[in-house]
Amino acid sequence: GVLQSTTLIDASIEILADSPAGIKHNQTVKIYAHTAECAGRVRVMQTTGLAAVETGYVQIEFENKMVLDKGDRFILRRMSPALTIGGGLVLDAHPAKFYKLHDPYALERFRAISSDSVQDRLYSRIFDSPFVTRKDLADALDKESGDALTQVLQSLVDQRKIVILGDIETDETILLTTVEWERLTRQVTELIRAFHERYPLLPGMKLDELRARLKIQPGVFTYCLGEWKRSDFVKENNGILSLKSFRVKLSANQEKRYTSYFEQVKENPYNPPSVKIAREILGPDLYQSLLEQNVMVQLNAEVVFRGDEYE
């Protein structure tokens, strides 16, 4: 295919034995590859710098676009004087983002993309493409590697490197790294907890609203929701999701309003207070909360029943 230009690469580099100063994190150097040269800032991933004969993983941000591909070699030289520092190998010519320094999971990705093993190739693909399907992975492998796909995926699961949402043998099964799954689960927990704190009278967050906040596709969300419910930290009722431990708590004033209203309903169950009167007795927030919990069912603009009586 046609090579695309890039302004950021992931690479491994090696410092020459006679390099007087090595290379420091965020140092700007000259990069020479093929017949092109360009200044670039070197971000050393696992330390503050590399000395003579040391090797390491880096991200290089170019000042101008360079045409590079995975497996290309390049030379690093100081800006002035133009002394050679070392050489490197492109591991990914189009990384999706900058990685945090000393991030153990980013370093694990670097190790994976440095390897030619099927397992490491799969892991790096899953790392780069959260929610990739098994079919997508199979299509990217040769037949011999594809035949061993289930075994390799199971090995990654056993090592707690990936999470599989669905049947491991099914094409539509979704895969993502354990790191990404834990991040997403934390985000869900934080979103629902914040919702409970902001709306303590509502039973939970609507599924459509949660999915929109997470910015994931409906099919993917369905798989994720099933796994979260199996993990038993959330509960769902009629399209409403809440933390397992959450309970609607009424204030003393709301308890008083609640008791007053349902005493009137009990006295005259076949002619309960109208919607207007119910809202006046309960207050709009408590009234809406009881509707959301199905404690009350509003039939029309005038009539509202207790939920158990309506059923």
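Values below: all heavy atoms of this structure, side chains included; hydrogens, waters and symmetry mates excluded.
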Check: [X] side chain, [Y] main-chain N or O, donor-acceptor pair, under 3.5 Å:
{"X": "Asn300", "Y": "Val303", "value": "yes"}
{"X": "Gln59", "Y": "Val44", "value": "no"}
{"X": "His196", "Y": "Leu243", "value": "yes"}
{"X": "Thr133", "Y": "Ile174", "value": "no"}
{"X": "Gln27", "Y": "Lys24", "value": "yes"}
{"X": "Ser5", "Y": "Val67", "value": "no"}
{"X": "Gln288", "Y": "Asp285", "value": "no"}
{"X": "Thr6", "Y": "Met66", "value": "no"}
{"X": "Lys235", "Y": "Ser242", "value": "no"}

Is [Y] paired with [X] through a side-chain N to carboxylate O contact shorter than 4.0 Å?
{"X": "Glu190", "Y": "Arg193", "result": "no"}
{"X": "Lys135", "Y": "Glu172", "result": "no"}
{"X": "Lys161", "Y": "Glu108", "result": "yes"}

Within this structure, what is the [atom1]-[atom2] distance for the pair [X] and [Y], rounded to the nearest 0.5 Å?
{"X": "Leu241", "Y": "Asp208", "atom1": "CG", "atom2": "CG", "answer": "12.0 Å"}
{"X": "Leu191", "Y": "Arg186", "atom1": "CG", "atom2": "CZ", "answer": "13.0 Å"}
{"X": "Tyr32", "Y": "Cys38", "atom1": "OH", "atom2": "SG", "answer": "10.5 Å"}
{"X": "Ile31", "Y": "Thr28", "atom1": "CD1", "atom2": "OG1", "answer": "9.5 Å"}
{"X": "Glu61", "Y": "Asn26", "atom1": "CD", "atom2": "CG", "answer": "9.0 Å"}
{"X": "Ile168", "Y": "Leu153", "atom1": "CD1", "atom2": "CG", "answer": "5.0 Å"}

In the structure I gave you, are the side-chain heavy atoms of [X] and [Y] within less than 4.5 Å of one another anywhere?
{"X": "Leu89", "Y": "Asp72", "answer": "no"}
{"X": "Arg43", "Y": "Val58", "answer": "no"}
{"X": "Val29", "Y": "Ile60", "answer": "no"}
{"X": "Ile23", "Y": "Ile13", "answer": "yes"}
{"X": "Arg111", "Y": "Tyr57", "answer": "yes"}

**Message:** Can you confirm whether more than 12 heavy atoms, excluding those of Arg73, are under 6.0 Å from its CZ atom?
**Reply:** no
Is [Y] reachable from [X] through a run of hydrophobic residues whose side-chain heavy atoms are each under 4.5 Å from the next?
{"X": "Tyr261", "Y": "Ile277", "value": "yes"}
{"X": "Leu291", "Y": "Val248", "value": "yes"}
{"X": "Tyr199", "Y": "Met205", "value": "yes"}
{"X": "Ile192", "Y": "Leu184", "value": "yes"}
{"X": "Val152", "Y": "Ile164", "value": "yes"}

Provide the closest heavy-atom pair for [X] versus [Y] in the form atom of the first, atom of the second, distance.
{"X": "Trp228", "Y": "Phe233", "answer": "CD1-CE2, 3.5 Å"}
{"X": "Gly86", "Y": "Leu16", "answer": "CA-CG, 3.8 Å"}
{"X": "His94", "Y": "Asp92", "answer": "N-OD1, 2.9 Å"}
{"X": "Ile113", "Y": "Lys70", "answer": "O-NZ, 2.9 Å"}
{"X": "Ala93", "Y": "Leu68", "answer": "CB-O, 3.4 Å"}
{"X": "Leu156", "Y": "Gln119", "answer": "CD2-CG, 3.5 Å"}

**Asked** Could you go step by step and tell me if Arg41 and Phe62 meet the side chain to side chain contact (heavy atoms under 4.5 Å, CB included) rule?
**Response** CA-CA 6 Å; Arg41 183 169 63 97; Phe62 300 116; over 6 Å; no
Can you find a side-chain donor-acceptor pair between [X] and [Y] that sits under 3.5 Å?
{"X": "Arg134", "Y": "Thr150", "value": "yes"}
{"X": "Asp158", "Y": "Ser155", "value": "no"}
{"X": "Tyr123", "Y": "Arg109", "value": "no"}
{"X": "Arg77", "Y": "Thr84", "value": "yes"}
{"X": "Thr185", "Y": "Glu182", "value": "no"}

Donor-acceptor pairs are to be reported for all side-chain atoms of residues 212-223 against protein atoms at under 3.5 Å, with residues two or more places apart or in another chain.
| residue | atom | partner | partner atom | Å |
| --- | --- | --- | --- | --- |
| Thr222 | OG1 | Pro218 | O | 3.0 |

